[in-house]
K.L.:
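The following block contains the structure, expressed as C-alpha cells.
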Amino acid sequence: MTEATEASTSSSLGRDPATVVHPRREPFEHGLLPIPRLIFSDPAQTLISLKQKLLHLSSNHRLHSAAISDALQISIEHATLVLDTLASVLHSDSEPLVSAKLHEIDSVGADVHDLLLFLYIQSYKKLLPRTHKDSAAVADVWPSNSAFDGYLSALSPLQFVRSNSRRFTPSQADEEAHQLSYLQKHLANILALLAEPVEGEGEESLVLTMDRFEHLGFLIHFGDKGSEGKSFSQYSPFFANSDPDMPAVPVPAAQVHDWLLQNIAAALEYISERTSSKENGPASATDQDVAMTDANTVSVKVSTNNRGASFIEGISKSSYTKNASDIKGSSVKVLNCHESAIYILAPLRYATVYGCSDATIVLGAVGKAVRVEHCERVHLIVAAKRICIANCRECVFFLGVNQQPLILGDNHKLQVAPYNTFYTQLEEHMNAVGIVSTVSRWDEPLALGMVDPHDSLSHPAGVSDVQAESATHLDPDQFTNLVIPNWLGGESTGATKANPFTLPDAYMASHYKNLKNLGEIKQLLQEASLEESRKRELSSALHVYFRDWLYASGNIRQLYCLQGD
C-alpha cells in the first residue's frame with residue numbers, strides 16, 4: 001500500500017490539471033447560513049461530542065428535521081432550512097437527499113456525516129476585500145442604519161462593488177486559495193469527524209472506511225472538470241482499485257491526512273504560479289481567474305470556467321442573450337452589469353447575480369440555488385428551487401420558487417412578486433433540473449441575520465441575532481407580465497405557451513384588468529373622430545407619457561433587446 005500511495009502522490013502533485021485538487025465552491029458560496037446556533041467557536045470539540053448524539057438519534061445514520069431541531073436546539077423552521085440547504089450543495093446526485101422529490105426531503109433526511117461536514121464549515125470566514133484607498137471620500141453618500149459601523153456600512157451595494165475593483169476585489173483564484181487554506185488548516189478535525197477508532201485500540205488509532213472517505217467529496221474534488229461521474233475514492237491511492245464486491249480495507253486517518261495535505265499544498269503552489277504568470281503576462285479574454293471588473297467599465301467579459309461556470313461581466317446599456325446551446329457548464333455568474341436587459345434562457349444548477357444595477361435579468365431554470373448580492377434597482381425573474389438575497393436595495397424579484405426565499409444582510413425596500421414570464425422551452429428546462437411548477441413559495445420570504453457572521457469583519461457582540469429586513473409583496477396593481485421576444489427564446493421547439501406557475505387571484509385580476517383597459521383604450525382611439533392635427537397632438541402626447549413611464553418604471557431596459565446583441 002505504501003508504494004502505491006507514494007507513486008500516486010507523486011503523480012497527483014504534478015502539473016496535470018486533471019490531478020490538481022480544488023475546493024468545491026458550492027458549499028462555501030451557497031451553503032452558509034447565518035444562524036448563530038450553527039456557528040461554533042470550537043467546531044471540532046463541539047461536533048465531536050455532537051456526533052455521538054446525532055448517531056444515537058438515528059437508526060440508519062440519517063436525520064430528519066425533528067432530530068436536527070432537537071440536537072442543535074434550533075426551531076423546526078431552521079432545521080428544515082438546514083436540510084434544504086444541505087440538499088442544494090451536496091456533491092453526489094446518487095445521494096438520496098439530492099434525488100428526493102420536494103415533499104420527500106424531510107422523510108429522506110440528511111446523512112449524519114454530510115451534516116457534520118456542513119455544520120463544520122459554518123465556521124468558515126469569507127475572504128475580506130482589501131480596504132479601498134478612498135473610503136473616507138465615499139463614506140457620506142449612503143446613510144445607513146447598518147448593525148455595524150465601518151467602511152462597508154457606509155456604502156450602498158453598488159458603491160461597495162465599485163470601490164472594490166480589480167485592485168481590491170478577490171479574484172476567483174484568490175477565493176479558491178482561501179478555501180483551500182481553510183481546508184488545509186482544519187483537515188485533521190474534518191477527518192476526525194469521519195473516522196472511527198480501530199476496535200480494541202481506542203481513539204488514538206483512527207481509520208477511514210471507503211464509505212466515510214467518499215464524504216470528503218462534499219468539500220474537495222480533483223481536476224478542472226470535477227468528478228465527471230467518477231466517485232471521489234477513485235482518485236485516491238487507497239481505494240482506486242478496490243473490488244466493488246469486496247469491502248475495502250480501512251485506511252489510517254493519519255495516512256489520508258498526509259496525502260491530502262500534500263495535494264492541497266501542491267494545489268496552492270499551482271494557483272500561485274498561475275496567478276503570477278497572469279500578472280506578468282498579457283491579459284487574456286479567456287482568463288478564468290480574473291477579478292470582477294470595475295462597475296464603471298463598459299467592456300464586456302464573457303468567459304467559461306473549466307469547471308463549468310460561465311461568467312458574464314460588465315454589460316452596460318445593452319441587451320445580452322444566451323440560450324441553452326450557448327451555455328457551457330452548469331452554472332452562471334452575472335457580475336457588474338448595469339442598465340441592461342439580460343436573458344439567460346437555459347437550465348442551470350447554480351446562478352449568482354452580483355453587483356448589478358438598473359437591470360432586468362431573466363434566468364431560465366435553476367435547479368439548485370440562486371444567490372443575489374449587492375444589487376440595486378434590479379428586476380430579477382427566475383424559476384428556481386431556492387434563492388438567497390443578500391445586501392440589496394430597491395430590487396423586485398419575480399419568483400417561481402419551490403422553497404422559501406432566504407433574505408440575509410442589510411437590505412432595503414425589497415419586493416417579491418409571482419413569476420411573470422415564459423419562453424417556449426421553459427417547462428422542458430424546469431423538468432430537466434427538477435423544478436415543480438405546482439409549488440411556488442414566492443410570498444413566504446424568510447429573513448435571517450442582518451449581519452453575515454461568515455464575513456471576515458469584526459462585528460459587535462449579538463448583532464448576528466438582529467433580523468434582516470424582509471421583503472414586501474408587490475402591489476398587484478403594479479404587476480405586469482414580461483414578454484420575452486420570440487427571437488430571444490432560441491429554438492421554438494418547446495411546448496410552453498404560458499406562465500407555468502399559477503398566478504394568485506389578486507395578480508390574475510390585475511392582469512385581466514390591464515388587458516381590459518388596454519382593449520378599451522385601443523377601441524376609443526380607433527373610434528375617435530379627430531382631425532389630422534388633433535391626431536398628431538394625441539399621438540405626440542401618448543409618446544411623451546409612454547417615454548416617461550418607461551424611464552420611471554425601469555421598463556426602458558426591456559427595449560434594449562430591440563437593438564440586438
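What you are looking at is a predicted structure, and each value in this text was computed from that prediction instead of being measured.
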K.L.:
Which salt bridge (Lys or Arg N to Asp or Glu O under 4.0 Å) pairs, counting each pair once, include a residue from residues 38-53, with sequence neighbours left out?
P.N.:
none
K.L.:
Roughly how far apart are Leu260 CG and His257 NE2, rounded to 0.5 Å?
P.N.:
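Output value for this atom pair is 8.5 Å.
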K.L.:
Is there a side-chain contact between Leu268 and Gln184, using heavy atoms and a 4.5 Å cut-off?
P.N.:
yes
K.L.:
Taking Glu313's backbone N and O only, do any of them form a donor-acceptor pair with Asn336's side chain (distance below 3.5 Å, no angle check)?
P.N.:
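Judged by distance alone, no pair lies under 3.5 Å.
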K.L.:
Could you give me the CA-CA distance, side-chain angles and deciding distance for Phe118 and Leu83, then say whether side chain to side chain contact (heavy atoms under 4.5 Å, CB included) is met?
P.N.:
CA-CA 10 Å; Phe118 175 82; Leu83 268 179; over 6 Å; no
K.L.:
If we only count heavy atoms from C-beta on, is the Val353 to Glu373 side-chain gap below 4.5 Å?
P.N.:
no
K.L.:
According to the salt bridge (Lys or Arg N to Asp or Glu O under 4.0 Å) rule, which pairs have a member within residues 179-196, sequence neighbours left out?
P.N.:
Glu196-Arg212
K.L.:
Taking the side chain as every heavy atom from C-beta outward, state whether Leu86 and Phe218 have any pair of such atoms under 4.5 Å apart.
P.N.:
yes
K.L.:
Can you confirm whether or not the ring centre of Phe232 sits under 6.0 Å from the ring centre of His221?
P.N.:
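Ring centroids of Phe232 and His221 are no less than 6.0 Å from each other.
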K.L.:
Set out, in order, the CA-CA distance, both residues' side-chain angles and the distance that settles side-chain hydrogen bond (donor to acceptor under 3.5 Å, both in side chains) for Asn189 and Tyr120, then state yes or no.
P.N.:
CA-CA 9 Å; Asn189 295 335; Tyr120 193 98; 3.0 Å; yes
K.L.:
Flag the pair Val334 / Thr352 as yes when at least one side-chain heavy-atom distance between them is below 4.5 Å, and no otherwise.
P.N.:
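No, too far: nothing below the 4.5 Å cut-off.
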K.L.:
Between Asn391 (side chain only) and Asp410 (backbone N and O only), is there a donor and an acceptor less than 3.5 Å apart?
P.N.:
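Yes; at least one donor-acceptor contact below 3.5 Å.
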K.L.:
Step by step, work out the side chain to side chain contact (heavy atoms under 4.5 Å, CB included) result for Leu127 and Asp174.
P.N.:
CA-CA 8 Å; Leu127 186 57; Asp174 290 335; 3.7 Å; yes
K.L.:
Could you pull out all residues at least two apart from Gln403 that satisfy side chain to side chain donor-acceptor pair (under 3.5 Å)?
P.N.:
Arg386
K.L.:
Rounded at 0.5 Å granularity, tell me how far CD in Glu175 sits from CZ in Phe28.
P.N.:
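Glu175 atom CD to Phe28 atom CZ measures 11.5 Å (nearest 0.5 Å).
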K.L.:
Looking only at heavy atoms, which two atoms of Ala267 and Val20 are closest? And how far apart?
P.N.:
CB-CG1, 3.9 Å
K.L.:
Going from OG1 on Thr46 to CG on Leu119, what distance comes out if it is rounded to the nearest 0.5 angstrom?
P.N.:
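Atom-to-atom, Thr46:OG1 and Leu119:CG are 10.5 Å apart.
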K.L.:
Can you name the nearest heavy-atom pair linking Ala195 to Leu208, along with the distance?
P.N.:
CB-CD1, 3.5 Å
K.L.:
Quick check: does any side chain N or O of Arg37 sit under 3.5 Å from a backbone N or O of Leu72, one acting as donor and the other as acceptor?
P.N.:
no
K.L.:
Given Ile74 and Val82, is the side chain to side chain contact (heavy atoms under 4.5 Å, CB included) satisfied, shown in steps?
P.N.:
CA-CA 10 Å; Ile74 58 177; Val82 167; 4.3 Å; yes
K.L.:
Can you tell me how far the CG atom of Asp111 sits from the CD atom of Glu214, to the nearest 0.5 Å?
P.N.:
12.0 Å
K.L.:
Please check: side-chain N/O of Gln122 versus main-chain N/O of Leu33, any donor-acceptor pairing under 3.5 Å?
P.N.:
yes
K.L.:
Please examine the side chains of Leu406 and Ile389, heavy atoms only from C-beta on, and report whether any two atoms are closer than 4.5 Å.
P.N.:
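Counting from C-beta outward, Ile389 and Leu406 never come under 4.5 Å.
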K.L.:
Quick one: side chain to side chain donor-acceptor pair (under 3.5 Å) partners of Ser92, sequence neighbours excluded?
P.N.:
Ser94
K.L.:
Taking it one step at a time, do Ser236 and Phe213 satisfy side chain to side chain contact (heavy atoms under 4.5 Å, CB included)?
P.N.:
CA-CA 10 Å; Ser236 77; Phe213 183 85; 3.5 Å; yes
K.L.:
Please report the closest heavy-atom contact between Leu32 and Ile121, naming both atoms and the distance.
P.N.:
CD2-O, 3.4 Å
K.L.:
Any idea which heavy atoms bring Leu408 and Pro34 closest together, and the distance?
P.N.:
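The answer is CD2-CG, 3.6 Å.
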K.L.:
Mind listing the closest non-hydrogen atom pair of Ala383 and Ile435 along with its distance?
P.N.:
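Taking Ala383 first and Ile435 second, the nearest heavy atoms are O-CD1, 3.3 Å.
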K.L.:
Just checking His113 against His61, ring centres under 6.0 Å apart?
P.N.:
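When the ring centroids of His113 and His61 are compared, they turn out to be within the sub-6.0 Å range.
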K.L.:
Any side-chain heavy atom of Ile327 sitting closer than 4.5 Å to one from Ser310?
P.N.:
yes
K.L.:
Would you say the side chains of Asn60 and Ser58 form a donor-acceptor pair under 3.5 Å?
P.N.:
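Yes, a side-chain donor-acceptor pair sits under 3.5 Å.
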K.L.:
Using distance alone, with no hydrogens and no angle criterion, decide if Tyr350 and His30 have a side-chain donor and acceptor under 3.5 Å apart.
P.N.:
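No donor-acceptor contact under 3.5 Å links the two side chains.
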K.L.:
Using modelled atom types and a 3.5 Å cut-off, is there a donor and acceptor pairing between side-chain atoms of Ser357 and backbone atoms of Glu376?
P.N.:
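Pair absent, no side-chain N/O of Ser357 close to backbone of Glu376.
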K.L.:
For Tyr182, give me all partners under side chain to side chain donor-acceptor pair (under 3.5 Å), at least two apart in sequence or on another chain.
P.N.:
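So Tyr182 forms a side chain to side chain donor-acceptor pair (under 3.5 Å) with Ser123.
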K.L.:
Return the OG1 to CG distance between Thr321 and Asn323, rounded to the nearest 0.5 Å.
P.N.:
7.0 Å
K.L.:
Considering non-hydrogen atoms only, spot the tightest contact between Thr19 and Phe222 and give its length.
P.N.:
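The pair with the smallest heavy-atom distance is O-CD2, 3.5 Å.
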K.L.:
Would Arg349 and Asp93 count as a salt bridge (charged side-chain N to carboxylate O under 4.0 Å, His left out) here? Give the steps.
P.N.:
CA-CA 12 Å; Arg349 290 167 69 87; Asp93 288 339; 3.7 Å; yes
K.L.:
Would you confirm whether Asp114, through its side chain, and Ala110, through its main-chain N or O, come within 3.5 Å as a donor-acceptor pair?
P.N.:
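Not at all, since once roles are kept as given, no pair shorter than 3.5 Å links the two residues.
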K.L.:
Could you tell me the separation between the CZ atom of Phe239 and the CG atom of Asp211, rounded to the nearest 0.5 Å?
P.N.:
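Answer for the CZ-CG pair, Phe239 versus Asp211, is 10.0 Å.
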K.L.:
Taking the side chain as every heavy atom from C-beta outward, state whether Ser88 and Lys385 have any atom pair closer than 4.5 Å.
P.N.:
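Sidechains of Lys385 and Ser88: no contact.
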K.L.:
My understanding is that only one of Cys337, Cys375, Cys356 makes a side chain to side chain contact (heavy atoms under 4.5 Å, CB included) with Ile361; could you say which?
P.N.:
Cys356
K.L.:
Measure from the ring center of His178 to the ring center of Tyr124 and say whether it is less than 6.0 Å.
P.N.:
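Yes; Tyr124 has its ring centre under 6.0 Å from that of His178.
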K.L.:
Report the residues that fulfil salt bridge (Lys or Arg N to Asp or Glu O under 4.0 Å) with Glu29, sequence neighbours left out, ordered by chain and then residue number.
P.N.:
Arg25, Lys333
K.L.:
Ignoring hydrogens and angles, tell me if any N or O in the side chain of Ser340 forms a donor-acceptor pair with the backbone of His338 under 3.5 Å.
P.N.:
yes
K.L.:
Does any part of the side chain of Val362, heavy atoms only, come nearer than 4.5 Å to the side chain of Ile342, both counted from C-beta?
P.N.:
no
